[in-house]
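Take a look at the structure set out below.
As the structure is a prediction and not an experimental result, all values here were calculated from the model. Below, chain A is the first sequence line, B the second, and so on; all start at residue 1.
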2 protein chains.
Amino acid sequence: MKTTFGCFVRERRETLLRENADYSLRKVAGRIQVEPSYVSKIERDQVAPPSEETIIRLAKDLKEDSDVLLALAGKVSSDLRGAILKRPRLFAELIRQMKNAPDRAVLRMVREVRDGKW
Amino acid sequence: MKTTFGCFVRERRETLLRENADYSLRKVAGRIQVEPSYVSKIERDQVAPPSEETIIRLAKDLKEDSDVLLALAGKVSSDLRGAILKRPRLFAELIRQMKNAPDRAVLRMVREVRDGKW
DNA sequence: CATGGCGTGTAGTATATAGTACACAGTACA
DNA sequence: TGTACTGTGTACTATATACTACACGCCATG
């Protein structure tokens with residue numbers, strides 16, 4: 001079974017709540033500026049995941065990687081989308097090529113580029 | 001000025017129409033299974049670009065790269081999205097790293113991976 | 001001169017997205 | 001024992017998305 005957005009968020013929040021009462025559903029809702037009932041429905045997967053902006057605020061609040069949270073919501077963060085849209089053919093080829101490459105290989109490339117080997 | 005989705009499509013269609021009467025707006029609309037008035041509005045950017053599925057049918061009909069057409073519509077094709085969502089942190093890092101790399105460098109890496117150098 | 005194909009204008013629709021507002025019942029604790 | 005906080009149920013809403021349906025006027029041509 002796949003982890004859903006809601007389950008993941010609930011689990012993460014309850015973990016934080018165990019050692020910090022500031023992570024009640026209502027407190028989190030307050031900080032990320034949505035209604036508590038909405039967070040409740042989100043965590044039980046009763047509604048679709050929220051918007052990108054709300055997911056990013058939530059990720060920050062829960063100290064989670066926003067790319068991971070966005071992925072669980074089936075979304076790609078808009079800065080990545082922006083990069084792809086500027087050079088669609090190039091990135092399409094890159095991603096399709098890397099799709100089946102093992103993590104190690106992809107990481108090696110990232111490192112090579114970061115180290116200026118181009 | 002940026003080329004819009006509509007302008008691009010209209011220009012492409014009219015180019016094809018010049019040597020083939022099968023590329024009238026109505027004929028294209030018929031083949032891609034939407035109303036002619038809808039295509040008219042799309043080409044004049046009077047409405048937002050159509051759905052991914054419709055864009056792909058349109059790209060095929062106009063013999064255009066669907067990734068390019070999707071990009072003009074501000075969309076990323078769902079197979080690319082799927083690849084990113086499976087390994088969000090990895091691909092986020094990859095794309096952010098490649099974002100500022102010159103085309104040549106990215107292409108070199110793509111070729112290296114394709115040629116099994118990993 | 002009417003018939004067929006052309007592009008376009010107006011109006012309307014179904015479904016999805018992204019939430020709000022507020023009442024309610026249970027629990028803790030002072 | 002009351003009050004403060006917890007999570008949840010119900011109902012509603014505004015905006016966006018992705019189109020359809022159909023009528024209109026223009027032009028070519030047979």
Taking only the side-chain heavy atoms of [X] (C-beta and beyond), determine which of [options] contains the nearest atom.
{"X": "B/Lys41", "options": "C/dT10, C/dG19, D/dT6", "answer": "C/dT10"}
{"X": "B/Lys27", "options": "C/dC6, D/dT8, C/dT8", "answer": "C/dC6"}
{"X": "A/Arg26", "options": "D/dG7, C/dT8, D/dC19", "answer": "D/dG7"}
{"X": "B/Glu35", "options": "C/dG7, D/dA21, C/dA23", "answer": "D/dA21"}

Comparing B/Ala21 and B/Gln46 on DNA chain C - which has the more 5′ nearest nucleotide: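 On the 5' side of the pair lies B/Ala21.
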Closest to the 5' end of DNA chain C, once B/Ser24 and B/Arg44 are matched to their nearest nucleotides, is B/Ser24
Any side-chain N or O of [X] less than 4.0 Å from the OP1 or OP2 oxygen of [N]?
{"X": "A/Arg13", "N": "D/dG7", "answer": "yes"}
{"X": "A/Ser51", "N": "C/dG19", "answer": "yes"}
{"X": "B/Thr54", "N": "D/dA18", "answer": "no"}
{"X": "A/Lys75", "N": "C/dA18", "answer": "yes"}

Separation of [N] [atom2] from [X] [atom1] (nearest whole Å):
{"X": "B/Glu52", "N": "D/dT17", "atom1": "CD", "atom2": "P", "value": "15 Å"}
{"X": "A/Asn20", "N": "D/dC5", "atom1": "CG", "atom2": "C1'", "value": "16 Å"}
{"X": "B/Ile55", "N": "D/dT17", "atom1": "CD1", "atom2": "C1'", "value": "12 Å"}
{"X": "B/Asp45", "N": "C/dT8", "atom1": "CG", "atom2": "P", "value": "12 Å"}
{"X": "A/Ile56", "N": "C/dA18", "atom1": "CD1", "atom2": "C1'", "value": "15 Å"}
{"X": "B/Tyr38", "N": "D/dA21", "atom1": "OH", "atom2": "P", "value": "14 Å"}
{"X": "B/Phe5", "N": "D/dA18", "atom1": "CZ", "atom2": "C1'", "value": "13 Å"}
{"X": "A/Leu17", "N": "D/dT6", "atom1": "CG", "atom2": "P", "value": "9 Å"}

Test the B/Arg10-B/Phe5 pair against the cation-pi criterion, namely NZ or CZ under 6.0 angstrom from the six-membered ring centroid and within 45° of the ring axis.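 No - B/Arg10 does not lie over the ring of B/Phe5 by the 6.0 Å and 45° rule.
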Aromatic A/Tyr23 / basic A/Arg31 pairing, under 6.0 angstrom, 45° off normal: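 Judged by the rule, A/Arg31 and A/Tyr23 form a cation-pi pair.
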What are the two closest non-hydrogen atoms of A/Gly6 and A/Asp45, and how far apart are they? N-OD1, 2.9 Å
Identify, between B/Ala48 and B/Val34, the residue whose nearest nucleotide on DNA chain D lies closer to the 5' end. B/Ala48
Between the side chains of A/Arg96 and B/Asp67, is the shortest nitrogen-to-carboxylate-oxygen separation below 4.0 Å, so that they form an ion pair?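 The answer is yes: the pair qualifies as a salt bridge.
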Any donor and acceptor pair, going by atom type alone, linking the side chain of A/Ser78 with main-chain N or O of A/Arg81 inside 3.5 Å? no
